[in-house]
Structure formats: structure tokens, C-alpha cells
Student: 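Would you mind keeping the following structure in view while I ask a few things?
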Amino acid sequence: MGVQAILYICHGSRVKEGIIQATGFINKAKKKMDCPIQEICFLELAEPTIEEGIKRCIHQGATKIAVVPILLLTATHAKEDIPGEIEKAMNKYPDVQFSYGRPFGVHSKIIDVLMERVKSQKAKIDDDAMVLLVGRGSSDPDVRRDLNKIANALYGKFHFQKVETCFLAAAEPTFEQGLKRAQETGHRQVFVLPYLLFTGILMKSIEKKLKKLSTPEQEFILCDYLGYHPHLQEVLYERVRELVQDAVTENDTREALCVI
């Protein structure tokens, strides 16, 4: 027997609105999870920290903690930073059992959200329209591989003339290189699609660089970041269930409490 907790780890941001959006997203998800102990914490740039989030779970009586990264892709944060914090906690709390989940990753439901972000601009999609998919970036080659998989899926499902990727940091092509390549393609319509969960400094950087880039011959259209969407909530539910399985169910089924 033991008491299960869920700890959601968001990235964090210097932009207050980004923290508000992340917290709101998780609070909506928490209502669907039939688990008495659920806490939110942040990797960096916001509080509570991961250490504090773990402590809050334990102070409420948790003996099992499912750690769920609210990250789009698997990179250093998911592979090293969070596992490092979990290892420290395991040494500090040897009687507590930890399980660690996967980031959202490459998922068909996210492809549909991306297309909705394009359609929500209410611009008629030209026959020759292309998409520039903008990732956060990482030196980890898995990030480049996975963003390319997402771009290929978007291209294959929705038949844009071209879908290219670029990155805001630590990987190439850079955002500036991606914009230059898009200009050189001659496509009259370029949808710039940020592969970011919430607003923040990076989103503001994209907005700044896109200003005045459009010309009568070529239009650059900035789409919204992913943000809250029911499909993303469903992906999150999947990731939680992978960790705690039948112990966590949606409220409408009421099949089990989150006490094992």
C-alpha cells in the first residue's frame, strides 16, 4: 500500500504570462486526475523548484511520486536535469518510490493542433503555401530528429508545398537561416509556426524578427504557439497513465482512487 502523488514539471519562464499559462494548463489537467496529491513545479526561472515540489508531495503523505515532464521534446532537461533532481531526492527520501514519465514527444494529436494554429489565422491557405516550424533548439540530436519527424508528418497529412524546420538556439538551421531560406524559396505565403508550449521570451523574439518582413510578393504569417488545447491535455493524460496506469482515472469513470 502507498499514497500516490503526481508532480508536474514545467520549464519556467521570465515572462509572467508564460507561468500563468503553464499553471492554468496543469490545473485543468489536475481536475481530470483522480489523485489527491498533485503539485506543479518548474525546472528554472520560476518557483517552486523541483526540490520544493517533491517536498510538498511528501509533506502531504506521498510515498509514491510520478514525475511528469511538461516538455515537448526529449533533450537535456528530460535526459539529465530532471533525472539528476530525482536521483538527489531518492537519496534524501529512500522510502519514497519515484517513477519518471516521458515528454509529449512526437504525437499525432499534436500534428492536428499545429494545423489548427495555421487555420486559426483565418488566412486562405494558398496552393503554394509553406510552413516554417520553429523549435526551441538543443544540442541534442534527438531534438532535431524529432522536430523533423513532426515536420514530415505535417507535410504528409496536410499537403503544404514545403515544411521546413529551424531553431531558436543551440541548433541549425537557426531561425534567421530558416527565414532566409523561406525568402529564397519564393513561396508567396509562409506560415511561421512556433513549436512552443507557452508564451515567453522566445515567442517575443520571433514576433520581433518577423515585423516588417512581409512584402507584396511574399507574406509571412506568424501562428500562435501550441498553448492550451484539449488534444494536448489528452497527450498529458496518456503520459500520466503510463506511470500510474489504473491508479489514475478520469473523474467521470471513478474507477479507482489514486491510492495503491
Side-chain angles (χ1 to χ4, degrees), residues 11 13 15 17-18 21 71-76 103-227 229 231-232:
H11 186 278
S13 173
V15 177
E17 181 61 26
Q21 289 173 359
L71 301 171
L72 286 172
L73 298 173
T74 303
T76 303
F104 288 8
V106 181
H107 199 293
S108 61
K109 289 178 180 176
I110 297 179
I111 307 303
D112 292 334
V113 177
L114 290 170
M115 189 60 199
E116 284 196 28
R117 295 296 175 251
V118 172
K119 290 180 176 177
S120 68
Q121 298 309 303
K122 297 180 179 177
K124 183 180 181 299
I125 302 173
D126 291 346
D127 291 339
D128 81 329
M130 73 165 285
V131 170
L132 182 62
L133 188 63
V134 186
R136 177 181 292 273
S138 171
S139 58
D140 191 319
D142 287 350
V143 169
R144 296 192 293 275
R145 179 203 66 200
D146 288 347
L147 195 66
N148 283 328
K149 284 183 179 179
I150 291 163
N152 290 336
L154 189 64
Y155 174 79
K157 190 168 184 178
F158 296 105
H159 309 295
F160 290 102
Q161 286 296 308
K162 186 187 292 289
V163 179
E164 293 199 347
T165 60
C166 63
F167 300 91
L168 293 163
E172 290 189 343
T174 64
F175 181 46
E176 292 76 11
Q177 289 170 337
L179 289 176
K180 184 177 180 182
R181 284 167 56 171
Q183 286 176 305
E184 291 171 349
T185 63
H187 290 279
R188 289 175 43 248
Q189 194 178 49
V190 181
F191 289 95
V192 179
L193 189 51
Y195 198 68
L196 304 171
L197 264 178
F198 306 111
T199 193
I201 295 293
L202 295 177
M203 189 65 193
K204 293 183 182 299
S205 174
I206 294 173
E207 292 171 352
K208 184 177 180 181
K209 288 177 181 176
L210 277 184
K211 282 183 178 178
K212 300 181 181 178
L213 198 60
S214 292
T215 67
E217 293 76 30
Q218 190 176 46
E219 183 181 17
F220 283 80
I221 302 170
L222 177 59
C223 302
D224 292 333
Y225 47 87
L226 290 166
H229 191 284
H231 286 352
L232 288 175

Student: Any side-chain heavy atom of Val131 within less than 4.5 Å of one from Leu114?
Tutor: no
Student: Return each pair, listed once, that meets salt bridge (charged side-chain N to carboxylate O under 4.0 Å, His left out) where at least one residue sits in residues 178-194; pairs must be two or more places apart or across chains.
Tutor: Asp126-Arg188, Glu164-Arg181
Student: Please identify each residue that fulfils ring pair (Phe, Tyr, Trp, His ring centres under 6.0 Å) with His11, with sequence neighbours left out.
Tutor: His77
Student: Partners of Ala171 by side-chain contact (heavy atoms from CB on, under 4.5 Å), sequence neighbours excluded?
Tutor: Arg144, Phe167
Student: Can you list the residues that meet the side-chain contact (heavy atoms from CB on, under 4.5 Å) rule with Lys204, with sequence neighbours excluded?
Tutor: Val15, Glu207
Student: I'd like to check the salt bridge (charged side-chain N to carboxylate O under 4.0 Å, His left out) partners of Glu176; sequence neighbours left out, ordered by chain and number.
Tutor: Lys209
Student: Check salt bridge (charged side-chain N to carboxylate O under 4.0 Å, His left out) between Lys119 and all other residues, then give those that pass, not counting sequence neighbours.
Tutor: none
Student: Check whether any side-chain heavy atom of Gln177 lies under 4.5 Å from a side-chain heavy atom of Cys166, and answer yes or no.
Tutor: no
Student: Taking atom types as modelled, is there a side-chain donor on Asp142 or Thr74 under 3.5 Å from an acceptor on the other?
Tutor: no
Student: Who are the salt bridge (charged side-chain N to carboxylate O under 4.0 Å, His left out) partners of Asp112, not counting sequence neighbours?
Tutor: Lys157
Student: Can you list everything that forms a side chain to side chain donor-acceptor pair (under 3.5 Å) with Asp128? Sequence neighbours excluded, please.
Tutor: none
Student: Who passes side-chain contact (heavy atoms from CB on, under 4.5 Å) against Asn152, sequence neighbours left out?
Tutor: none
Student: Less than 3.5 Å apart, which donor and acceptor atoms pair up between the side chains of residues 213-223 and the rest of the protein, not counting sequence neighbours?
Tutor:
| unit_1 | atom_1 | unit_2 | atom_2 | d |
| --- | --- | --- | --- | --- |
| Ser214 | OG | Phe220 | N | 2.8 |
| Ser214 | OG | Phe220 | O | 3.3 |
| Thr215 | OG1 | Glu217 | N | 3.3 |
| Thr215 | OG1 | Gln218 | N | 3.0 |
| Gln218 | NE2 | Ala182 | O | 3.0 |
| Gln218 | NE2 | His187 | O | 2.9 |

Student: Sequence neighbours left out, what passes salt bridge (charged side-chain N to carboxylate O under 4.0 Å, His left out) with Asp146? Give chain and number order.
Tutor: none
Student: Under the ring pair (Phe, Tyr, Trp, His ring centres under 6.0 Å) test, which residues partner Phe198, sequence neighbours left out?
Tutor: Phe25
